[in-house]
Structure formats: structure tokens, C-alpha cells
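For reference, the structure discussed in these notes is given below.
Order of listing sets the numbers, starting from 1, for every ligand and every atom in it. Because only heavy atoms are used, hydrogens play no part in the values below, and waters and symmetry mates are left out as well, while side chains stay in. Starting from 1, each residue takes its place in the sequence as its number.
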Amino acid sequence: MAGTRTLTIIKPDAFAAGKTGKIIAHLEGAGFKLRAARVLHLTQAQAEAFYAVHRERPFFASLTRFMTSGTCMPMVLERPDAVSTLRSVIGATDPAEAAAGTVRKLYAESKERNAIHASDSDENADREAAFFFAEADRI
Ligand code: CMP
């Protein structure tokens, strides 16, 4: 059975634009419970480690520059089928291709400045949650 937890990040574009509250309300409206949250400014080393899987991609430098450009908000979210549900709630990577009513369609600026991150598998959800939160900080 698919896992019940996933990791999301409200990215620096959405945080700086004051969209945090609306995005959290949207996620709660989709049935997610907030189980852990932090507000932080990623270092270059943290951003490179978090996105290490994309290290060889042409957008890696730009992605880490963006993710270190301001405050972001990682959160652990819980509901049944957490990973796949969150990915459908946030929509396609590029807001131009995202379905109506998704978080990225509503709040993202571009494929890179796309408002929100979501884990793409249960395995990565565990790894990404552990990246930001100690076990004791997750309810
Ligand atoms: P995210 O879900 O955080 O996972 C990797 C990120 O890389 C993705 O969201 C986008 O912000 C970014 N990304 C993916 N593809 C591209 C691309 N072609 N150009 C720029 N950024 C991209």
C-alpha cells in the first residue's frame, strides 16, 4: 500500500509573494494534515544536496540559485496515498501545462519558479523528510 506521508516545500517565489497561507489552506482542503514544518533559507550546500539527483541536468545551477534566493518552507504532510495525491494536487512542473485549480496553475510563475516541490516516490518522501526533520520533530 502506498505511504501516508510526503514532503513538500513552499519555494522562495511563493513564500516571498505571500502565498504561503493560501497554499497551506489549499493542501488542507485536499485532506492533508501538517505533521512538521520549518521556515528556513537554504544554503548552497543544502540545495545541492537536496537536488543531487538533478546534478547533471542543465538547469541544476539555476535551480539551486533559485532555491537559495530566499526563504522557503519544508513541510511533512499526511493523508492516504500522500505522494500521488500531492503530485496531482500541485499539478505539472510547468504551470503552463498544469491543470486548472492545481497549486502550480494558481500560484507558480514558471517551470523553475514553480511555487512548490513534492516528493516523487515513497522512498524519496522518507529521504526528503529526513533531510529537513529529525524524527523527534515529526508528529
Ligand atoms: P521540483 O518538483 O522541485 O523538482 C525539480 C525541480 O527542477 C522542479 O521542481 C523545477 O523547479 C525544476 N525544473 C525541472 N525541469 C526544469 C527545466 N526544464 N527548467 C528549469 N527548471 C526545471
Side-chain angles (χ1 to χ4, degrees):
M1 188 192 136
T4 57
R5 288 188 174 218
T6 190
L7 185 284
T8 191
I9 306 173
I10 296 179
K11 295 187 179 183
D13 57 328
F15 194 96
K19 308 278 176 59
T20 303
K22 288 194 168 103
I23 291 174
I24 292 173
H26 191 117
L27 301 177
E28 288 180 328
F32 287 98
K33 303 258 187 265
L34 207 45
R35 295 306 189 200
R38 289 177 67 188
V39 172
L40 77 162
H41 192 138
L42 285 173
T43 65
Q44 187 65 27
Q46 284 174 318
E48 289 181 6
F50 184 81
Y51 281 116
V53 65
H54 295 306
R55 188 170 291 278
E56 305 304 325
R57 309 286 282 273
F59 57 81
F60 182 70
S62 174
L63 172 62
T64 58
R65 200 177 315 119
F66 163 56
M67 290 300 292
T68 57
S69 68
T71 307
C72 68
M73 188 170 180
M75 297 180 281
V76 173
L77 301 175
E78 183 177 80
R79 62 152 278 166
D81 286 326
V83 167
S84 63
T85 303
L86 184 61
R87 288 182 74 77
S88 95
V89 165
I90 71 172
T93 305
D94 185 345
E97 293 165 15
T102 59
V103 173
R104 284 173 171 156
K105 182 55 108 186
L106 289 167
Y107 303 115
E109 297 174 24
S110 67
K111 193 169 195 174
E112 180 170 274
R113 297 173 64 84
N114 66 352
I116 190 163
H117 166 82
S119 306
D120 63 3
S121 66
D122 286 342
E123 185 185 5
N124 281 337
D126 288 345
R127 183 185 67 79
E128 293 177 1
F131 186 91
F132 288 110
F133 300 100
E135 199 65 53
D137 295 328
R138 296 179 240 167
I139 294 170

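- Considering backbone and side-chain atoms alike, K11 places an N or O below 3.5 Å from some N or O of ligand 1.
- Side-chain atoms of H26 and L106, non-hydrogen and from C-beta on, do get closer than 4.5 Å to each other.
- Annotation: atom 5 (C) of ligand 1 to nearest protein heavy atom, H54 NE2, 3.4 Å.
- The proximity of Y51 to ligand 1, defined as any non-hydrogen pair under 4.0 Å, is limited to the side chain.
- Using bins of under 30°, 30° to 60° and over 60° for the plane-to-plane angle, the ring pair F59/H54 lands in the tilted bin.
- Taking atom 14 (C) of ligand 1 as the reference point, the nearest protein heavy-atom neighbour is F59 CZ, 3.5 Å.
- The proximity of R104 to ligand 1, defined as any non-hydrogen pair under 4.0 Å, is limited to the side chain.
- With ligand atoms numbered from 1 in the order given, ligand 1 contributes 8 (C), 9 (O), 10 (C), 11 (O) to contacts under 4.0 Å with heavy atoms of N114.
- Here the side chain of N114 pairs a donor or acceptor atom with the backbone of T93 at under 3.5 angstrom.
- Distance alone, capped at 3.5 Å, places no donor-acceptor pair between the R104 side chain and the P95 backbone.
- Relative orientation of the F132 and F50 rings is tilted, given thresholds of 30° and 60° on the angle between their planes.
- Judged by a 6.0 Å distance limit and a 45° cone about the ring axis, R79 is positioned over the six-membered ring of F32.
- Looking from atom 10 (C) of ligand 1 to the surrounding protein, the closest heavy atom is K111 O, 3.4 Å.
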